[in-house]
Each structure stands twice: as structure tokens, then as C-alpha cells.
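Below: the structure, in C-alpha cells.
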Amino acid sequence: GVVQEPQTGQVLAMVGSKDYWDDSIDVRVNVAVRLRQPGSSIKPITFVTALEQGIPPSAFLWDVPMERLTPIGLYTPQNYDETFHGPVRLREALANSYNIPALKLLERVGVTNMIETANRMGIASLDPASDRYGLSLTLGGGEVTLLEMATAFSTFANGGLVVQPHPILAIRSSSGDRLYTLEEEKAALDAAPRAVSAESAYIVSSFLSDNAARTPAFG
């Protein structure tokens, strides 16, 4: 797990192993900074890319059976509840984490465009020049780090401004001299680069926090 303060990038907590010093665990590893598949937590990147391209929140996505021919065979994705929900607006599709609408939206906005959005939001592990990604990217089919995901979600919280994570607050010499402090080195939020528009960040944040919209899937 990672807890990150969006406005400063301070990493307030990080748990990357059950017990880093437990020799009974095969290797000492901090999973928070290792590449892992993020699952549906990366779907908001697809949706914010769509908004940035001018697709309105009121647009419909068709949650109906789909088939796509891929280099490894026929791809017939399913929703986790193994049902279809017909026409759903962007808000419903993301709030309920429906798979098929997310796949169709990524097909519309383009895999490379989504990766470029992810890069701007702090997810550097995805390579827009690579041809190894397909539509399953929006379901978590590409490897990223948990720290990168925390930075991307902080970008939503910051209204579209990306602040890189800062795990170190200060470094002092043995004599007590300050060699580095976060306050001196970090960019202020108002000087942080813009990854996505404030409007798009606000709308996706609204989707994710809408309890009424997520009720059909999550209660």
C-alpha cells in the first residue's frame, strides 16, 4: 500500500512486503515499486483520455457482447458479473467498472494516446512506442508500479497537475548540516506541470466518488 499527499508528493506511508526482513519469504522485495498489473484501477486513465479528446460525459457506450481477432486468437471479453448492461453513459461505465465499455472506449481513443496520458500523469513504466499492448491494457494488462498509480490518482486530486512522489523529507550530514530539504527542492503545486485539464480531472473524480452511480454493481 502507498499513502501519498497529492499536493506535495510526500510519501506518508509505504508497505511493500508482509515483512521485508523475514528470511522465510523468498526474496526481500518492495512490491510498491515493482512492476505489477494494476487491474481495473487503471480504467480512469482511459476515461480521462476520452474526455481530453472531447468525448462528453453524456456519451453512451454499448455494453453488449464483443469479439476481436488478435494475434493470439479470438478475444471475447466478459464483465465480472457475466452479464451485459446495454447502453451505459461514461459515468455508469466507470463507476461500476464494467469491462466491455472500457475496452470499447480504449478502442475509440487509441492505446498509444492512453499510454501518453498515463505518462503525463506519472506512470512512466508504460511505453507508447511498444506494440506489446492491446485493448486489455485498460483492464490492467500492462505492468506499472503502485507508486506510479498513487501519483496518477494524486493528479486527479490535484485538478490535473502532476506532482512527482517525494519519499525523502530531509538529508543532514553527521554534523547536522542540512544537505537537502523537501521544502527547498520540491516544485510548488501552482508550478507543477499540467497532465490533463482541470475539467477532465474533476469529471473523473466525480465518476469515482459517485455512490449512486456505483450502486448497481457495488451496492
Side-chain angles (χ1 to χ4, degrees), residues 1-4 6 36-70 73-111 113-115 117-118 121-123 126 133-146 148-160 195-219:
V2 170
V3 178
Q4 188 170 317
R36 307 272 287 184
Q37 291 192 344
S40 290
S41 68
I42 205 164
K43 283 177 182 171
I45 309 297
T46 301
F47 281 75
V48 79
T49 303
L51 295 169
E52 290 288 274
Q53 290 185 5
I55 298 174
S58 59
F60 278 108
L61 299 167
W62 286 90
D63 186 7
V64 296
M66 67 177 288
E67 293 182 347
R68 295 295 184 272
L69 188 61
T70 74
L74 191 64
Y75 181 42
T76 55
Q78 300 289 325
N79 291 314
Y80 63 91
D81 60 1
E82 298 183 344
T83 61
F84 305 98
H85 310 90
V88 293
R89 297 191 190 277
L90 265 64
R91 178 178 294 270
E92 300 168 76
L94 182 56
N96 292 285
S97 194
Y98 294 144
N99 289 341
I100 291 176
L103 291 163
K104 291 183 174 179
L105 188 61
L106 178 55
E107 190 172 46
R108 182 170 173 181
V109 304
V111 171
N113 291 329
M114 177 201 165
I115 293 175
T117 301
M121 296 179 71
I123 301 176
L126 297 176
Y133 306 111
L135 295 182
S136 64
L137 180 63
T138 193
L139 306 184
E143 293 79 18
V144 301
T145 72
L146 180 57
E148 289 177 325
M149 291 299 295
T151 302
F153 275 81
S154 292
T155 302
F156 287 123
N158 286 333
V196 296
S197 70
E199 294 81 3
S200 295
Y202 177 87
I203 291 169
V204 171
S205 296
S206 176
F207 289 174
L208 294 173
S209 61
D210 190 336
N211 283 329
R214 58 189 273 114
T215 296
F218 299 106

*asked:* Donor-acceptor pair, distance only, cut-off 3.5 Å: does the side chain of Glu92 make one with the backbone of Arg89?
replied: yes

Q.
So does Tyr202 get a backbone contact from the side chain of Ser206, meaning a donor-acceptor N/O pair under 3.5 Å?
A. no

Minimal heavy-atom distance between Ser200 and Glu52, with the atoms involved, is OG-OE2, 2.6 Å

Residues Pro216 and Ala213: closest non-hydrogen pair is CD-O, 3.3 Å

To the nearest 0.5 Å, atom OH of Tyr133 lies from atom CG of Leu126 at 4.5 Å

The reported gap from OH in Tyr98 to CD in Gln78 (rounded to nearest 0.5 angstrom) is 14.5 Å

Rounding to 0.5 Å, atoms CG (Leu90) and CG (Leu61) come to a distance of 5.0 Å

To the nearest 0.5 Å, atom OG1 of Thr117 lies from atom CE of Met114 at 8.5 Å

One should read off an interatomic distance between Ser136 OG and Arg68 CZ, to the nearest 0.5 angstrom, of 13.5 Å

| message | Does the plane of the ring in Phe47 sit parallel, tilted or perpendicular to the ring in Phe207? Use 30° and 60° as the thresholds. | response | perpendicular

Can you find a pair of side-chain heavy atoms, one from Met149 and one from Ile123, that are under 4.5 Å apart?
yes

- State whether the side chain of Asn96 and the backbone N or O of Phe218 hold a donor-acceptor pair below 3.5 Å, judged by distance alone. no

What one should report as the nearest heavy-atom pair of Gln37 and Gly140 is CB-O, 3.1 Å

The side chain to side chain contact (heavy atoms under 4.5 Å, CB included) partner of Leu105 among Ile55, Thr49, Thr138 is Ile55

Q: Would you indicate whether the side-chain heavy atoms of Met121 and Phe156 approach each other to under 4.5 Å?
A: yes

Separation between OG1 (Thr76) and CG (Leu69), nearest 0.5 Å, reads 11.5 Å

Practice prompt. For atom OH of Tyr80, decide whether the heavy atoms of other residues, nucleotides or ligands shown that lie under 6.0 angstrom number more than 12.
Written response: yes

* Answer yes or no: is there a donor N or O on one side and an acceptor on the other, between the side chain of Gln53 and the main chain of Val109, under 3.5 Å? => yes

>> Does Leu103 form a side-chain contact (heavy atoms from CB on, under 4.5 Å) with Leu139? I'd like the steps, not just the answer.
In response: CA-CA 8 Å; Leu103 291 163; Leu139 306 184; 4.0 Å; yes

On a heavy-atom basis, the closest approach of Glu148 and Gly122 is CG-O, 3.6 Å

Between Val88 and Ala93, the two heavy atoms sitting closest are CG2-CB, 4.0 Å

task: Examine distances only and state if a side-chain atom of Lys43 and a backbone atom of Ser97 form a donor-acceptor pair shorter than 3.5 Å.
output: yes

In Pro44, Pro57, Pro101, the residue satisfying side chain to side chain contact (heavy atoms under 4.5 Å, CB included) with Leu94 is Pro44

Margin query: Donor-acceptor pair, distance only, cut-off 3.5 Å: does the side chain of Asn79 make one with the backbone of Asn99?
Written below: yes

Looking only at heavy atoms, the pair that brings Val196 and Ala201 closest together is CG2-CB, 4.2 Å

